Amino acid sequence: MSDQGLAVNDCHAEVTARRALLRFLYSHLELHLSKRPDEQQRSIFIQHRSSFRLRENILFHMFISTSPCGDARINSPYQLTNDFSVHSGRHLVKKFHSHLRTKIESGEGTLPVRCRAPVQTWDGVLQGEQLITMSCTDKIARWNVLGLQGALLSHFVEPVYLTSLTVGSLRHTGHLSRTLNQRLERLGPLPSCYRRNQPLLSSLSSSDWWQQAKAPCYSVNWSAGDEQLEVVNASTGKRRDCGAPSRLCKHALFTRWTRLYRKLVACAPGSRDVPLTYCEAKQAAGTYQTAKEQWVRALQENGLGTWVRKPPEQEQFLLAA
């Protein structure tokens with residue numbers, strides 16, 4: 001962890017791909033705001049009232065080589081797994097169907113969310129408590145409600161949703177649909193622009209050929225426009241070659257957000273032109289936060305567990321002037 005947003009907490013492939021997409025979205029917002037007409041035309045965004053939305057022909061598709069960790073993998077009848085509840089008996093698997101799950105720090109597999117406070121403490125983690133990170137299944141399900149863009153970009157753009165999700169070794173799309181879509185049935189009406197997105201689910205091949213192995217202790221990221229790949233040490237959340245912060249870390253993305261904020265919002269009459277912390281900037285996305293609260297409450301009311309947040313100290317940083 002880093003109290004300046006300089007470390008990436010979760011280096012799983014799905015999360016890395018989504019954070020790389022955020023950089024791509026920032027790049028295209030910057031193109032739209034360019035003074036050069038040719039660059040504006042290259043942007044995937046168009047202006048719609050006071051915000052931006054994707055052009056009609058822009059769609060996003062995600063490919064995952066195996067079922068995402070968490071409920072989508074633990075309860076799949078066609079896949080082997082390292083998730084611990086399998087080894088405790090199939091009755092436990094059934095008991096925790098659709099339940100929120102957390103990743104095992106520095107290990108493989110996931111565990112059901114236990115009854116705990118919804119926020120971890122900074123001093124507790126520093127004293128050796130496990131850093132809780134929600135499973136990729138749960139994160140994808142959340143993106144299907146709140147969008148891929150996250151809280152910061154919600155200041156500028158309408159929600160961005162996946163059109164399709166393809167899993168390379170999946171043979172049971174009905175099971176994946178349950179984990180991603182059926183938990184949303186009792187969500188209730190959402191704020192304007194938000195919806196219960198249901199991406200097209202498909203697979204490319206049989207799971208028979210896939211042999212699960214321990215994941216490497218690094219992740220690789222790239223997005224269109226980058227000159228080279230970046231390799232991140234999954235243990236430290238920083239670049240493997242030199243130990244510097246990753247271009248995917250909170251600090252790097254917040255820096256890009258701040259530049260856009262100053263161009264689009266801070267210059268408007270009556271707008272706030274004082275430094276915001278990372279946390280304050282996220283909380284100021286009011287409609288997004290309303291949708292998020294509704295999603296978390298629906299999970300709790302349906303007995304699926306409490307979404308556990310990271311220690312708030314890691315989001316209370318300011319950018320240097």
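A quick note: this is a predicted structure, and the numbers were derived from the prediction, not measured.
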Student check: side-chain heavy atoms of [X] and [Y] closer than 4.5 Å:
X: L146; Y: Y288; result: yes
X: H12; Y: C69; result: yes
X: K103; Y: V15; result: yes
X: N9; Y: K250; result: yes
X: T121; Y: E313; result: no
X: T110; Y: T137; result: no
X: F156; Y: F45; result: no
X: N144; Y: P199; result: yes

Has [X] got a side-chain atom pairing as donor or acceptor with [Y]'s backbone, closer than 3.5 angstrom?
X: Q289; Y: K282; answer: yes
X: R239; Y: E230; answer: no
X: E14; Y: I140; answer: no
X: D71; Y: D138; answer: no
X: R73; Y: S67; answer: yes
X: H61; Y: T166; answer: no

Q: Apply side chain to side chain contact (heavy atoms under 4.5 Å, CB included) to the pair Y194 and T287, showing each step before the final yes or no.
A: CA-CA 9 Å; Y194 290 87; T287 306; 3.6 Å; yes
Say whether [X] and [Y] are linked into one hydrophobic cluster, either directly or through other cluster members, by side-chain heavy-atom distances under 4.5 angstrom.
X: I44; Y: L260; value: yes
X: L201; Y: I64; value: yes
X: L33; Y: V265; value: yes
X: W222; Y: Y218; value: yes
X: V220; Y: V8; value: no

Q. More than 12 non-hydrogen atoms from neighbouring residues, nucleotides or ligands closer than 6.0 Å to CZ on R55, yes or no?
A. yes
Q. Taking it one step at a time, do L153 and L25 satisfy side chain to side chain contact (heavy atoms under 4.5 Å, CB included)?
A. CA-CA 9 Å; L153 276 172; L25 297 180; 3.9 Å; yes
Rounded to the nearest 0.5 Å, what's the gap from [atom1] on [X] to [atom2] on [Y]? Could you check?
X: M134; Y: T306; atom1: CE; atom2: OG1; result: 9.0 Å
X: R42; Y: S27; atom1: CZ; atom2: OG; result: 10.0 Å
X: L248; Y: K238; atom1: CG; atom2: NZ; result: 14.5 Å
X: M62; Y: L21; atom1: CE; atom2: CG; result: 8.0 Å
X: H155; Y: S50; atom1: NE2; atom2: OG; result: 12.5 Å
X: S246; Y: L253; atom1: OG; atom2: CG; result: 8.5 Å

Write down the atom of [X], the atom of [Y], and the distance for their closest heavy-atom approach.
X: L31; Y: S43; result: CB-CB, 4.1 Å
X: Q294; Y: P191; result: OE1-CD, 4.1 Å
X: A224; Y: F24; result: CB-CE1, 3.9 Å
X: S223; Y: A20; result: CB-O, 3.6 Å
X: G147; Y: Y161; result: N-CE2, 3.6 Å
X: P112; Y: H99; result: CB-ND1, 4.2 Å

Q) Which pairs with one or both residues in residues 117-151 pass ring pair (Phe, Tyr, Trp, His ring centres under 6.0 Å), sequence neighbours excluded? A) none
Q: Under the side chain to side chain contact (heavy atoms under 4.5 Å, CB included) rule, what do I46 and E56 come out as? Steps first, then yes or no, please.
A: CA-CA 9 Å; I46 58 173; E56 289 187 2; over 6 Å; no
Q) Do the ring planes of F317 and Y278 sit parallel (below 30°), tilted (30 to 60°) or perpendicular (above 60°)? A) parallel
(Q) Suppose we screen for ring-ring contact (aromatic ring centres under 6.0 Å, His included). Which residues come up paired with F52, at least two apart in sequence or across chains? (A) H32
Q: Inspect the contact between R19 and D10 and indicate whether a charged nitrogen and a carboxylate oxygen are less than 4.0 angstrom apart.
A: no
(Q) Please determine whether a side-chain nitrogen of the Lys or Arg among E315 and K310 lies less than 4.0 Å from a carboxylate oxygen of the Asp or Glu. (A) no
Q) When clusters are formed from ILVMFWY side-chain contacts under 4.5 Å, directly or step by step, what else is grouped with L59? A) none
Q: Could you walk me through whether L22 and L152 pass the side chain to side chain contact (heavy atoms under 4.5 Å, CB included) test, one step at a time?
A: CA-CA 10 Å; L22 294 181; L152 291 181; over 6 Å; no
Q: Give the intermediate values and the outcome of side chain to side chain donor-acceptor pair (under 3.5 Å) for residues S154 and Q149.
A: CA-CA 7 Å; S154 296; Q149 78 293 330; 3.1 Å; yes
